[in-house]
There are 2 protein chains.
Amino acid sequence: MLEHRTISLAEQVFDRLETDILSGKYAHGEVLTELKLVSDLGVSRTPIREALRRLEQEHIIEISQKGIIVIGVSKKDLKDILEIRIRIEGLAAAEAAKNITDEQLEELREAVELQEFYVPKHDADRINGMDSKFHQLIYRFSGSTALFDALMPLHKKVLKYRKASVENEIRSAYSSQEHRAIFEAIAAHDAPLAEQRMRDHIANAKAYIEEREGV
Amino acid sequence: MLEHRTISLAEQVFDRLETDILSGKYAHGEVLTELKLVSDLGVSRTPIREALRRLEQEHIIEISQKGIIVIGVSKKDLKDILEIRIRIEGLAAAEAAKNITDEQLEELREAVELQEFYVPKHDADRINGMDSKFHQLIYRFSGSTALFDALMPLHKKVLKYRKASVENEIRSAYSSQEHRAIFEAIAAHDAPLAEQRMRDHIANAKAYIEEREGV
DNA sequence: TGGTGTATAATTGTATACATAAAAACAAGG
DNA sequence: CCTTGTTTTTATGTATACAATTATACACCA
């Protein structure tokens, strides 16, 4: 396992396993063992176990005597997650509109504009990356740890399904425009407008994803 | 550390530390070390570290080279948490109204009635216990893992502040009545009514707590 | 053939030894 | 007296050895 800066092996293992599970690299029901992960990742059981405990807490794996069972995110989960995000992600945008600094605003602007840059190029991975970054920055700039902690795991769990959205040119273009509109409301420090636009944005994403996934 | 049934030491350590931190037993800013916990709890560093990782993920501790810094729940956190719960806990009640089974309904009824039993006796600990149980059962009976995962940590983090509410006779009696009303709506499988009553209940609790805490 | 008990193997659970990095103590020099 | 460089201590990070539990394979018997 390469790259060992200041970030601990336990953290790296967590990030990697979380991404692999949420991206669908491991299938639902697949059984892993700590020993298999030891040989795959090239680290000892200690950091692996610490990562597994956190993944278990997020309910994307289950640990039993048989091994580590991959759970992932079901379509029912997806439905529930988007329903929750419709109700609280607007709050994050509203709080960000109230609290954001000029410097943070520039960081947010960059995410919006890079996404706009990649959309006509159909670079799905980078679009997805900027899309994620936009939402996560808003969680952070809301200034609420509670909102951040509630929204971040929900957002990460949509990864696999968001990827598909981004590959659709029409939805991808609309989504980028919606981000721009939310950004403008936040930049104007108009909390109610930011809240409404974010709520609509999640509702649109939900409608698209659910139609696509057939739920 | 006594009692080692089927539940692992790591889990026991997590529960104990979480309760101690959220109840205010450890003060904000207090610094612990793994070694201190080893001697206090009588278990090795391994299960302690696994518990600490989970507590760190919940943002109620921070781990640094200086040791383990207790963070806990600030009044700002409390405000943010209740604002979130107002927006999504009604959804949990609505889903429970749709999905609850007769057997689960009886379990919920028991929590309501035991709370009603303890209120006139001013048994704060047991009232608090039944109050918590009522909400947590609804999270479970909502049938949504996402709602459960979002709401459970928020609910647990109010522990310290809820305790004070429960010691007030007037608020405690109202709260118990509100639980009864929510229960009746769920028992009637009236999702919109359950949602509205739960939202009002959280809003009332928020108003009381915030007035009391002076935020 | 089916079930049951037992032996075996495989897995997680826990403790501990060692590595590493940062903080703290301290001494020297300006 | 303050600053700075060095040493020492103290903390977490990681690997590994050992324990305990559970799943599995298999032989035996009804």
Side-chain angles (χ1 to χ4, degrees), chain A residues 1-21 25-72 145, chain B residues 1-21 25-72 145:
Chain A
M1 174 164 266
L2 36 93
E3 309 283 325
H4 53 97
R5 303 263 172 279
T6 53
I7 165 173
S8 70
L9 292 182
E11 188 71 24
Q12 293 177 53
V13 169
F14 173 78
D15 287 343
R16 167 152 177 192
L17 289 179
E18 188 189 44
T19 301
D20 285 353
I21 292 167
K25 189 164 170 182
Y26 292 119
H28 171 85
E30 188 169 351
V31 177
L32 307 172
T33 67
E34 292 178 3
L35 213 61
K36 179 178 187 308
L37 293 172
V38 163
S39 87
D40 284 1
L41 306 181
V43 301
S44 76
R45 284 178 64 207
T46 304
I48 288 174
R49 283 180 62 83
E50 290 173 9
L52 291 175
R53 288 281 180 244
R54 294 171 59 192
L55 298 171
E56 184 181 35
Q57 178 153 295
E58 291 184 344
H59 285 152
I60 61 177
I61 64 168
E62 281 175 8
I63 301 175
S64 73
Q65 201 67 20
K66 291 171 69 169
I68 298 133
I69 304 166
V70 175
I71 302 297
T145 306
Chain B
M1 173 162 264
L2 34 93
E3 310 281 326
H4 53 96
R5 302 266 172 276
T6 53
I7 164 172
S8 72
L9 291 182
E11 188 70 25
Q12 292 177 54
V13 169
F14 173 78
D15 287 342
R16 168 153 176 191
L17 289 179
E18 188 188 44
T19 302
D20 285 353
I21 292 167
K25 189 165 172 180
Y26 292 118
H28 172 85
E30 187 169 351
V31 178
L32 308 172
T33 67
E34 292 177 3
L35 215 61
K36 180 178 187 308
L37 293 173
V38 163
S39 87
D40 283 2
L41 305 181
V43 301
S44 76
R45 283 178 65 207
T46 305
I48 287 174
R49 283 180 61 84
E50 290 173 8
L52 291 175
R53 288 281 179 244
R54 294 172 59 192
L55 298 171
E56 186 182 34
Q57 179 153 295
E58 291 184 344
H59 286 153
I60 61 178
I61 65 169
E62 281 175 6
I63 300 175
S64 73
Q65 203 67 20
K66 292 172 70 171
I68 298 134
I69 304 166
V70 176
I71 301 298
T145 306

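Throughout, a chain's letter reflects where its sequence line sits, starting with A, and its residues are numbered from 1. Remember, it's a predicted structure, so these values are computed and weren't measured experimentally.
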May I have the list of side-chain donor-acceptor pairs in residues 64-72 of chain A shorter than 3.5 Å, sequence neighbours left out?
{"unit_1": "A:Ser64", "atom_1": "OG", "unit_2": "A:Lys66", "atom_2": "N", "d": "3.1"}
{"unit_1": "A:Ser64", "atom_1": "OG", "unit_2": "A:Gly67", "atom_2": "O", "d": "3.4"}

Q) How would you list, by chain and number, every residue that makes a side chain to side chain contact (heavy atoms under 4.5 Å, CB included) with A:Ala10, sequence neighbours excluded? A) A:Ser8, A:Pro47, A:Glu50, B:Arg53

Check nucleotides 16-19 of chain C for protein N or O atoms closer than 3.5 Å to its own N or O atoms and list the pairs.
{"unit_1": "C:dT16", "atom_1": "O4", "unit_2": "B:Thr46", "atom_2": "OG1", "d": "3.3"}

Q: Quickly, which of B:Val13, B:Leu17, B:Val43 forms a side chain to side chain contact (heavy atoms under 4.5 Å, CB included) with B:Leu37? Name it, please.
A: B:Leu17

Q) Between atom CD of A:Glu18 and atom CG of A:Asp20, what is the distance when rounded to the nearest 0.5 Å? A) 10.5 Å

Q. Of the residues in residues 49-61 of chain B, which ones touch DNA chain D at a heavy-atom distance under 4.0 Å?
A. B:Arg49, B:Arg53

Q) In Å and rounded to the nearest 0.5 Å, what is the CD1 to CG distance from B:Ile48 to B:Leu55? A) 11.5 Å

Can you check nucleotides 7-11 of chain D for protein contacts, nitrogen or oxygen pairs under 3.5 Å, and list what you find?
{"unit_1": "D:dA11", "atom_1": "N3", "unit_2": "B:Gln65", "atom_2": "NE2", "d": "3.4"}

Q: For A:Ile48 and C:dG13, give me the distance from atom CD1 to atom C1', rounded to whole Å.
A: 15 Å

Q | Partner set under salt bridge (Lys or Arg N to Asp or Glu O under 4.0 Å) for A:Glu58, not counting sequence neighbours | A | none

**Q.** Residues that A:Glu11 engages under salt bridge (Lys or Arg N to Asp or Glu O under 4.0 Å), provided they are two or more places apart
**A.** A:Arg54

Q) Roughly how far, to the nearest 0.5 Å, is CG of A:Asp15 from CD1 of A:Ile7? A) 5.5 Å

Q. How is the base pairing of DNA chain D summarised as a dot-bracket string, given the Watson-Crick and G-U wobble criteria with both distances under 3.5 Å, [ ] for crossing and | for another strand?
A. ||||||||||||||||||||||||||||||

Q: Grab the CG-P distance between B:Leu37 and C:dA15 for me, whole Å please.
A: 14 Å

Q: Could you tell me the separation between the CD1 atom of B:Ile63 and the C1' atom of C:dA22, rounded to a whole number of Å?
A: 16 Å

Q. So how far is it from A:Phe14 CZ to A:Leu52 CG, rounded to the nearest 0.5 Å?
A. 10.5 Å

Q | side-chain hydrogen bond (donor to acceptor under 3.5 Å, both in side chains) partners of B:Lys25, counting only residues at least two apart | A | none

Q | side-chain hydrogen bond (donor to acceptor under 3.5 Å, both in side chains) against B:Asp40, all qualifying residues, sequence neighbours excluded | A | B:Lys36

Q: Take atom CD1 of B:Ile7 and atom P of C:dT14, then tell me their distance rounded to the nearest Å.
A: 10 Å

Q. Could you state the interatomic distance from CD (A:Glu56) to CD (A:Glu62), rounded to the nearest 0.5 Å?
A. 8.0 Å

Q: Any chance you could measure A:Thr46, atom OG1, to B:Arg45, atom CZ, to the nearest 0.5 Å?
A: 9.5 Å

Q: To the nearest Å, give me how far apart CD1 (B:Ile69) and P (C:dA23) are.
A: 10 Å

